[in-house]
Amino acid sequence: MATSQNDPLEELYRSPGFMIRRVHQIAVSLFIEETGKLGVTNRQYGILFVLKHRPGIDQISVANLLGLDRSTTGMVLKKLEQDGLVVRSVGVHDRRRHSLQLTRSGEKLLSELAEPARKAHARVLSAFTPREQTLFLALLDKFTRAFNDSTRVPLDPHRASEKALPGMRRPNAVRARKLREGRASP
């Protein structure tokens with residue numbers, strides 16, 4: 001992005017939203033370059049990874065753990081299921097919920113993806129010195145934590161492991177934030 005200081009687009013190119021979008025595009029591109037032969041998107045990889053480490057969880061929990069909307073998660077899971085990588089089964093405790101498992105093919109593919117995913121991760125960080133890598137990741141973490149609850153689909157890394165009491169619903173992200181800030185009654 002070499003532009004002169006007199007270029008009117010420089011203000012756009014230096015804005016945080018534009019730069020974050022470009023960083024995302026580049027990171028996805030690097031992931032696809034490294035994993036291209038296996039034909040897996042970064043969303044598919046994320047879902048396969050979650051199912052490896054949380055076997056038997058449901059679609060909503062997968063979406064919450066990855067910060068994806070439910071319809072996108074459903075479409076990706078449908079594709080993974082059609083490809084024979086994931087299987088759904090009726091939930092043991094709630095027949096309306098389907099638990100998700102990796103198939104042997106899904107486990108094999110995830111194993112094959114480990115090294116290309118590691119290379120993609122390393123390439124993303126290769127623009128920085130080791131000290132800058134640590135700082136970059138810390139700043140990204142700080143930013144995502146600061147604004148997570150303000151997004152349409154907040155990431156909830158703890159939801160799948162929490163057990164709600166029968167008849168109790170977990171508050172949505174906006175209500176939870178208001179409760180923390182003292183702006184809503186419990």
Side-chain angles (χ1 to χ4, degrees), residues 1-4 7 9-55 57 59-83 85-86 100 102 105-161 173:
M1 248 187 326
T3 60
S4 73
D7 188 340
L9 294 179
E10 186 64 24
E11 184 179 343
L12 172 66
Y13 294 153
R14 301 293 301 162
S15 69
F18 184 89
M19 293 176 80
I20 290 167
R21 182 183 62 78
R22 282 296 294 153
V23 166
H24 178 258
Q25 287 176 322
I26 292 166
V28 168
S29 179
L30 293 173
F31 181 87
I32 290 170
E33 283 179 24
E34 292 297 335
T35 64
K37 295 174 190 169
L38 298 170
V40 175
T41 67
N42 57 345
R43 284 186 181 140
Q44 291 171 335
Y45 173 75
I47 290 173
L48 293 171
F49 191 87
V50 165
L51 292 180
K52 167 77 174 170
H53 298 283
R54 298 283 197 286
I57 66 172
Q59 179 176 321
I60 294 170
S61 297
V62 171
N64 290 333
L65 286 169
L66 294 173
L68 297 173
D69 64 75
R70 292 176 184 179
S71 62
T72 298
T73 305
M75 289 187 302
V76 175
L77 280 167
K78 183 177 180 180
K79 168 93 169 86
L80 293 172
E81 193 174 16
Q82 289 170 344
D83 292 347
L85 303 170
V86 172
L100 301 162
L102 289 179
S105 296
E107 289 178 9
K108 181 176 183 271
L109 178 60
L110 187 60
S111 177
E112 292 171 6
L113 282 164
E115 184 59 17
R118 188 203 59 74
K119 285 181 181 178
H121 178 92
R123 283 184 68 193
V124 166
L125 295 176
S126 69
F128 307 110
T129 66
R131 184 172 175 268
E132 289 171 333
Q133 291 175 12
T134 301
L135 180 60
F136 179 68
L137 292 173
L139 290 172
L140 287 174
D141 183 60
K142 182 177 183 177
F143 182 86
T144 56
R145 287 178 187 273
F147 296 105
N148 182 56
D149 286 348
S150 66
T151 66
R152 186 174 59 85
V153 185
L155 176 69
D156 188 355
H158 305 293
R159 175 170 262 167
S161 62

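In this text the structure is predicted, and so the values were computed from the model without any measurement.
Using a 4.5 Å heavy-atom cutoff, the side chains of T134 and R131 are not in contact. Between L51 and V86 there is a side-chain heavy-atom pair separated by less than 4.5 Å. The closest side-chain heavy-atom distance from L100 to V50 is not below 4.5 Å.
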Please lay out, stage by stage, how L102 and L109 fare under the test side chain to side chain contact (heavy atoms under 4.5 Å, CB included).
-> CA-CA 10 Å; L102 289 179; L109 178 60; over 6 Å; no
After noting the C-alpha distance and the side-chain angles of I60 and T73, does the key distance pass the side chain to side chain contact (heavy atoms under 4.5 Å, CB included) rule?
-> CA-CA 8 Å; I60 294 170; T73 305; over 6 Å; no
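Crowding of R43 atom CZ: a count of heavy atoms from other residues, nucleotides or ligands under 6.0 Å not exceeding 12. Within a 6.0 Å sphere centred on CD of Q25, other residues, nucleotides and ligands contribute more than 12 heavy atoms.
For the atom pair OG (S61) and CG (L66), the distance works out to 11.0 Å, reported to the nearest 0.5 Å. Expressed to the nearest 0.5 Å, how far CG of L113 lies from NZ of K52 amounts to 12.5 Å. Here the CG-CD distance, from L38 to Q44, works out to 11.0 Å after rounding to the nearest 0.5 Å. With rounding to the nearest 0.5 angstrom, the NE2 atom of H53 is 10.5 Å from the CG atom of L48. Once rounded to the nearest 0.5 Å, the distance linking CD1 of I26 with CD of E33 reads 10.5 Å. Here the CD1-CZ distance, from I20 to F143, works out to 4.0 Å after rounding to the nearest 0.5 Å.
Put simply, the side chain of T129 gets close to the backbone of E132: a donor and an acceptor are under 3.5 Å apart. A distance-only check finds a donor-acceptor pair linking the side chain of N148 to the backbone of L155 [under 3.5 Å]. Panel note: side chain S111, backbone E107; no donor-acceptor pair is recorded below 3.5 Å.
Across G74 and Q59, no two heavy atoms sit closer than the pair CA-NE2, 3.3 Å. Nearest heavy-atom pair, L110 versus Y45, reported as atom, atom and distance to 0.1 Å: CD1-CE1, 3.7 Å. Counting all heavy atoms, side chain and backbone alike, V40 lies closest to F31 at O-CE2, 3.6 Å. Of all heavy-atom pairs spanning F128 and V124, the tightest one is CE1-O, 4.2 Å. Residues D69 and T72 come closest through the heavy atom pair OD1-N, 2.7 Å.
Annotation: side-chain contact (heavy atoms from CB on, under 4.5 Å) contacts of D83 (sequence neighbours excluded): K79, L85.
Electrostatic pairing of E115 and R118 counts as a salt bridge here, judged by a charged N lying under 4.0 Å from a carboxylate O.
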